Amino acid sequence: MTTMTSPATLPPGPTAPRAVQGAYALTQPLRGLRRLKDRYGDAFTVNVPIFGNAVVISGPAEIKQLFTSGPELVDNLEVNLGRVLGPRSMFALSGEEHKRQRKLLVPPFHGRRLAAYEQIVEEETVRELATWPEGTAFATLPSMMRITLNAILRAVFGAEGAEFAELRELLPPFVTLGSRLAVLPITKKGRVNPWRRFERMRREYDAIVDRLIAKARAGEKDDVLSMMLQTRYDDGSGLSREEISDQLLTLLTAGHETTATTLAWAVERLRRHPALLEELQADDGKLLDATILEVQRTRPVIDLTARQVKQDGFRLGRWTLPKGYAVLVSIALIHDDDRVFPHAAAFDPHRFAGARPDLYQWIPFGGGTRRCLGAAFATMEMSVVLRTLLRDFTLVPTSEPGERWHSRGVAYAPAKGGRAIVRRRSTGGDS
């Protein structure tokens, strides 16, 4: 509900200059948010680079209201990942244009289509796990990165041969640079500028995608790219080359590092809960699903999902927000709220046993019309990877303290990479 005449009423917040608040946000991202909540409550106003004037919320009622508000009231941020992923990316589109393109891209990630990709994920998992050392501590994050990258290149891009090899080499540094540029207030001006390198890499990426499109048109395949080429808008037109290129990069960026990081956190959590490890050995899959949900609740790899106010006087719970303000939903703060998740500090997958989470309270994939398009694909990936890992290996428990959070630009990863010590099961299979 809105009113065009109501004066702005904003929650309290720090009054330091934008640069000071920005420095605090960069150096104390999660701890800083928790301190601000302790001081001001579950809504507070900040002024930080990139977002500008913004209201941070973590109350379930206000989050639900935000996620269910129409795009005429709140929509995509004008400055966001779209500047990295391209103007036709889902992150850059808004309103009806976003709705039209999302409608086309949902089907490949659900139902029978999704089940067809499970074999690819398992093959890549078995191939990577074959390289794991036994009895020696090592970081699992690099392995998880390779698994999720290879799986997406095969299942989504339909890449093989030369294109597969080239994208495997190009995309990790490309995505890493893009992730940093997305969260740092760096303009595109100046000769010596990281944007120049990013744009060169983008041209390389586009050239490879052009070749993949040509190959997909010449054959019959079941990957997401091939389905993109076949799908049609209501007027009969198809996706343009630019739309396909931007959306493939969006799907990769949204689903590669984030899924891999969650898998590394899962290893980190499981090693510190030996009783749960034992239960999972006799599991029919339901406890594993609940464990994945709990890992995402307690270790969300993305902390903020955002909207921008499009109409003056937008009423959000107790507040009336001016046009242009950003609204930032803190995923970590609502996931840590004892009122929403009793004993929230405890890692307890049983809280989700036999129950699906409320998608306005458990929000690692964001929410509303901008909930992550590949959420079902990512969930399938995590389930297959962990199921295969626990089938073929024993994770050696540890009494070491939990790994600290470490910012990788967009995602928060375990500081030591989700270290593991494993032993291969004598009865484990490789199929």
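No hydrogens, no waters, no symmetry mates; every other heavy atom, side chains included, goes into these values. Keep in mind it's a predicted model, so treat the numbers as computed, not measured.
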Legend entry - Salt-bridge present (R34, D336; N to O < 4.0 Å): yes
Legend entry - Short N-O contact, E160 and R154, less than 4.0 angstrom: no
Inset, instruction - Please round to the nearest 0.5 Å and tell me the distance separating atom OG1 of T262 and atom CD of E268. - result: 12.5 Å
Inset, instruction - List for me each residue that meets side-chain hydrogen bond (donor to acceptor under 3.5 Å, both in side chains) alongside R211, sequence neighbours excluded, and say none if there are none. - result: E163, E166
Legend entry - Nearest non-hydrogen partners of G418 and V267, listed with the distance: O-CG1, 3.9 Å
Legend entry - Residues in side-chain hydrogen bond (donor to acceptor under 3.5 Å, both in side chains) contact with R100, at least two apart in sequence or another chain: none
Legend entry - Distance-only polar pair, side chains of Q101 and E97, donor-acceptor under 3.5 Å: no
Legend entry - Exceeds 12 heavy-atom contacts within 6.0 angstrom, atom CG of D234: no
Inset, instruction - Start with the C-alpha distance between Q361 and H335, add both sets of side-chain angles, then the distance that settles side-chain contact (heavy atoms from CB on, under 4.5 Å), and finish with yes or no. - result: CA-CA 7 Å; Q361 299 176 358; H335 284 190; over 6 Å; no
Inset, instruction - Heavy atoms only: give me the nearest S58-S330 pair and the separation to one decimal. - result: CB-O, 4.3 Å
Inset, instruction - Write down the atom of V309, the atom of F314, and the distance for their closest heavy-atom approach. - result: CG1-CB, 3.6 Å
Inset, instruction - To the nearest 0.5 angstrom, please state how far the CE atom of M144 sits from the OG1 atom of T125. - result: 8.0 Å
Inset, instruction - For residues L328 and I57, determine if any side-chain heavy atom of one lies less than 4.5 Å from a side-chain heavy atom of the other. - result: no
Legend entry - Check ion pair E124-R127 (N to O, under 4.0 angstrom): yes
Legend entry - Geometric class of the F174/Y205 ring pair [parallel <30°, tilted 30-60°, perpendicular >60°]: tilted
Inset, instruction - Evaluate side-chain contact (heavy atoms from CB on, under 4.5 Å) for L333 paired with D42, printing each intermediate quantity in order. - result: CA-CA 8 Å; L333 290 184; D42 60 13; over 6 Å; no
Legend entry - Shortest non-hydrogen contact from P172 toward L149: CG-CD2, 3.8 Å
Legend entry - N/O donor-acceptor pair under 3.5 Å between T68 side chain and Q65 backbone: yes
Inset, instruction - Please examine the side chains of T148 and L263, heavy atoms only from C-beta on, and report whether any two atoms are closer than 4.5 Å. - result: yes
Legend entry - R297 to F341, cation-pi by 6.0 Å centre distance and 45° axis angle: yes
Inset, instruction - Say whether, by atom type as modelled, one donor and one acceptor occur between the side chain of R307 and the main chain of L66 under 3.5 angstrom. - result: no
Inset, instruction - Give a yes or no answer on whether the side chain of Q247 reaches the backbone of M90 with a donor-acceptor pair at less than 3.5 Å. - result: yes
Inset, instruction - Of all the heavy-atom pairs spanning M201 and P173, show the shortest one and how long it is. - result: CE-C, 3.7 Å
Inset, instruction - Step through the shown structure and confirm whether more than 12 heavy atoms of other residues, nucleotides or ligands are within 6.0 Å of CD on E169. - result: no
Legend entry - Sidechain N-carboxylate O distance under 4.0 Å for E72, K310: no
Legend entry - Partner residues of N53 under the side-chain hydrogen bond (donor to acceptor under 3.5 Å, both in side chains) criterion, sequence neighbours left out: none
Legend entry - E403/K416 ion pair, N-O < 4.0 Å: no
Inset, instruction - Please name the pair of heavy atoms, one in G255 and one in E381, separated by the smallest distance, quoted to 0.1 Å. - result: O-OE1, 4.0 Å
Legend entry - salt_bridge(E294, R299) N-O dist < 4.0 Å: no
Inset, instruction - Starting from the C-alpha separation in whole Å, work towards a yes-or-no answer on side-chain contact (heavy atoms from CB on, under 4.5 Å) for L141 and T261. - result: CA-CA 6 Å; L141 181 58; T261 304; 4.1 Å; yes
Inset, instruction - Ignoring hydrogens and angles, tell me if any N or O in the side chain of E134 forms a donor-acceptor pair with the backbone of R424 under 3.5 Å. - result: yes
Inset, instruction - May I ask you to check whether R168 and N150 show a side-chain donor-acceptor distance below 3.5 Å? - result: yes
Inset, instruction - Check the angle between the aromatic planes of W362 and F352 and answer parallel, tilted or perpendicular using the 30° and 60° thresholds. - result: perpendicular
Legend entry - Flag side-chain contact, heavy atom, 4.5 Å: P60 against K64: no
Legend entry - side-chain hydrogen bond (donor to acceptor under 3.5 Å, both in side chains) against R387, all qualifying residues, sequence neighbours excluded: none
Legend entry - Main-chain N/O of D222 paired to S226 side chain as donor or acceptor, under 3.5 Å: no
Inset, instruction - Mark yes when over 12 heavy atoms from residues, nucleotides or ligands other than R232 sit less than 6.0 Å from its CZ; otherwise mark no. - result: yes
Inset, instruction - Please answer whether the main-chain N or O of L177 pairs with a side-chain N or O of R197 as donor and acceptor at a distance below 3.5 Å. - result: no
Legend entry - Flag for R425-Q281: side-chain donor and acceptor within less than 3.5 Å: yes
Inset, instruction - Rounded to the nearest 0.5 Å, what's the gap from CG on L225 to CG on L153? Could you check? - result: 11.5 Å
Inset, instruction - Look at R241 together with D206 and state whether they make a salt bridge at an N to O cut-off of under 4.0 Å. - result: yes
Inset, instruction - Enter the distance from Q296:CD to I331:CD1 here, rounded to the nearest 0.5 Å. - result: 10.5 Å
Inset, instruction - Please check if the side chain of D283 supplies one atom and the backbone of L288 the other of a donor-acceptor pair under 3.5 Å. - result: yes
Legend entry - Selection residues 401-424 - residue pairs positive for ring pair (Phe, Tyr, Trp, His ring centres under 6.0 Å), sequence neighbours left out: W265-W405
Inset, instruction - For residues Q311 and K323, determine if any side-chain heavy atom of one lies less than 4.5 Å from a side-chain heavy atom of the other. - result: no
Inset, instruction - Return yes when atom NZ of K103 has more than 12 non-hydrogen atoms of other residues, nucleotides or ligands closer than 6.0 Å, and no otherwise. - result: no
Legend entry - Donor-acceptor contact below 3.5 Å, side chain T253 vs main chain T250: no
Legend entry - Test: R315 and E62 ion pair at under 4.0 Å: no
Inset, instruction - Verify side-chain contact (heavy atoms from CB on, under 4.5 Å) between R423 and V396, making sure each step is shown before the conclusion. - result: CA-CA 7 Å; R423 294 192 178 93; V396 177; 3.2 Å; yes
Legend entry - Value rounded to 0.5 Å, distance of CG in L390 from CG in L277: 7.0 Å
Legend entry - Side-chain heavy atoms of V295 within contact of M382, under 4.5 Å: no
Legend entry - From I147 atom CD1 to I152 atom CD1, the distance as rounded to the nearest 0.5 Å: 12.0 Å
Inset, instruction - Say whether, by atom type as modelled, one donor and one acceptor occur between the side chain of E243 and the main chain of S240 under 3.5 angstrom. - result: yes
Legend entry - Heavy-atom check, side chain of L252 versus side chain of V156, under 4.5 Å: no
Legend entry - Residue pairs fulfilling ring pair (Phe, Tyr, Trp, His ring centres under 6.0 Å) with at least one residue in residues 127-153, sequence neighbours excluded: W132-F138, W132-F393
Legend entry - E128 and S143: side chain donor to acceptor below 3.5 Å: yes
